[in-house]
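This report concerns only the one structure given below.
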Amino acid sequence: MAAGTLTSPGTLRDDATIDQLARAAQQGDELARARLLAAVRPRILRWAIVHSGAPDDAEDITQQALLTVHRQLESFAHGSRFTTWLYTLTRRIAADWLRTRSRRARLLETRGAPQETSTQRHDEHGRLVALVRAQLAGLPARQRELFDLVDLQGYTPLEAADLLGMNHNTARVHVLRARRAVRARILAAHPNAAEELQ
Amino acid sequence: MNDLTCVTARELMLDAEPSELHARGDSPLARHLRACADCARAASAILAMTDDLAHALDTLAAAPAAKPRADRSKLRRLTIALAPLAAAALVLIVLWQRNQEPALEPIVLPVQDVPTVPVVNVPAGGTVAVMRASNPNITIVWNLES
């Protein structure tokens, strides 16, 4: 899998355009602000899905993140890449959201309320959600994020580490661990593979 | 087939670069995959599932905002916004109804039930005050002794 072969890099990786839009929006260009929010939405949504591991919650996390970008855009001082700031912001919101959801789930559990899961849906969206859930299940959030950036979106480990603002070697380790876990699961489900790996 | 066993090959697949899984290059794993159909199928399964996952995330991330969920949120926000108004309206209705409650009606006895002969018995030597109201049918007798 060569870098960038699995996804359309232009839609998700045009950081220069996003930086330009952010600067224009900060100077009061309302059209640029609207275009910026539209441009970063898919990226935030994908991060939200990957970070939370719960595609059902990703849309809510994305809406909250977009609202925060809109409100706090002026506070971004360009000390780092805009996408790094965006990533940090999305990650914080996703973490808050998951904590809240976790509390709510515990409350519902104690009340014995049934919880609907997306896997109960039988449409195409439901199938994709189930696939993402199944493949990313059990991975820590950091590993999910780096696996997505490197193995699915085609970033190099160095680019991904820079984007996430983390140590390069640590990023590599996360990628390898995630890759190993995901592939072991795939091989375990593959005919004739399970017994050979034991 | 080279000297790599299938078990070792599958172990190497867990960490391999994608190009190796495509059996490109001259690494031991790539050579094994070119020679072993079973392991090549396993490598293909890894690549296919990874591709499916990437496609799923691409599709989900590119999807427009989920309408049903947004509508639910909108409904929830609307409900929250309207709840105080509804409560205030309920209080107003209750107050209005109280104001509309009719005053206590006087008990009007039928004329035939009113005794035509006074029924007040005053002990001999007692003192009473007799007052006439503007209504000629009413006479008030006040026993001053008790």
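Quick note on labels: first sequence line is chain A, next is B, and so on, each numbered from 1. Hydrogens, waters and symmetry mates play no part in the numbers below; they use all other heavy atoms, side chains included.
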Pairwise distance [atom1]([X]) to [atom2]([Y]) - rounded to 0.5 angstrom:
| X | Y | atom1 | atom2 | value |
| --- | --- | --- | --- | --- |
| B/L53 | A/L152 | CG | CG | 5.0 Å |
| B/D52 | A/Q135 | CG | CD | 8.5 Å |
| A/E124 | B/L60 | CD | CG | 9.0 Å |

### Query
In terms of heavy-atom proximity below 4.5 Å to chain B, should A/L136 be classed as side chain, backbone, both, or neither?
side chain
### Task
Quick one: do A/Q153 and B/L57 satisfy side-chain contact (heavy atoms from CB on, under 4.5 Å)? Show the steps, please.
CA-CA 10 Å; A/Q153 295 192 54; B/L57 284 168; over 6 Å; no
Minimum-distance pair of heavy atoms, taken over all atoms of [X] and [Y]:
| X | Y | result |
| --- | --- | --- |
| B/A56 | A/V132 | CB-CG2, 3.8 Å |
| A/R180 | B/D15 | NH2-OD2, 2.8 Å |
| A/A184 | B/L14 | N-CD2, 3.6 Å |
| A/L187 | B/A42 | CD2-CB, 3.7 Å |
| B/A61 | A/L45 | O-CD2, 3.3 Å |
| B/T59 | A/L128 | CG2-CD1, 3.6 Å |

Return yes when atom [atom1] of [X] has more than 12 non-hydrogen atoms of other residues, nucleotides or ligands closer than 6.0 Å, and no otherwise.
| X | atom1 | value |
| --- | --- | --- |
| A/R81 | CZ | yes |
| A/R177 | CZ | no |
| A/H168 | NE2 | yes |

Look at the side-chain heavy atoms of Ile, Leu, Val, Met, Phe, Trp and Tyr, link any pair under 4.5 Å apart, and say whether [X] and [Y] land in one connected group.
| X | Y | answer |
| --- | --- | --- |
| A/I186 | A/L176 | no |
| A/V173 | A/M166 | no |
| A/L131 | B/L47 | yes |
| A/I61 | A/L89 | yes |

### Task
Please confirm whether the backbone N or O of B/M13 pairs with a side-chain atom of A/R183, one donor and one acceptor, at under 3.5 Å?
yes
### Query
Stepwise, does the side-chain contact (heavy atoms from CB on, under 4.5 Å) test hold for B/D58 with A/R46?
CA-CA 8 Å; B/D58 282 347; A/R46 183 169 186 139; 2.4 Å; yes
### Message
Please classify the contact between B/A16 and chain A as side chain, backbone, both or neither, with a heavy-atom cut-off of under 4.5 Å.
### Response
both
## Note on the structure
Against chain B, residues from residues 137-148 of chain A with at least one heavy atom under 4.5 Å, in numeric order, are A/F147, A/D148
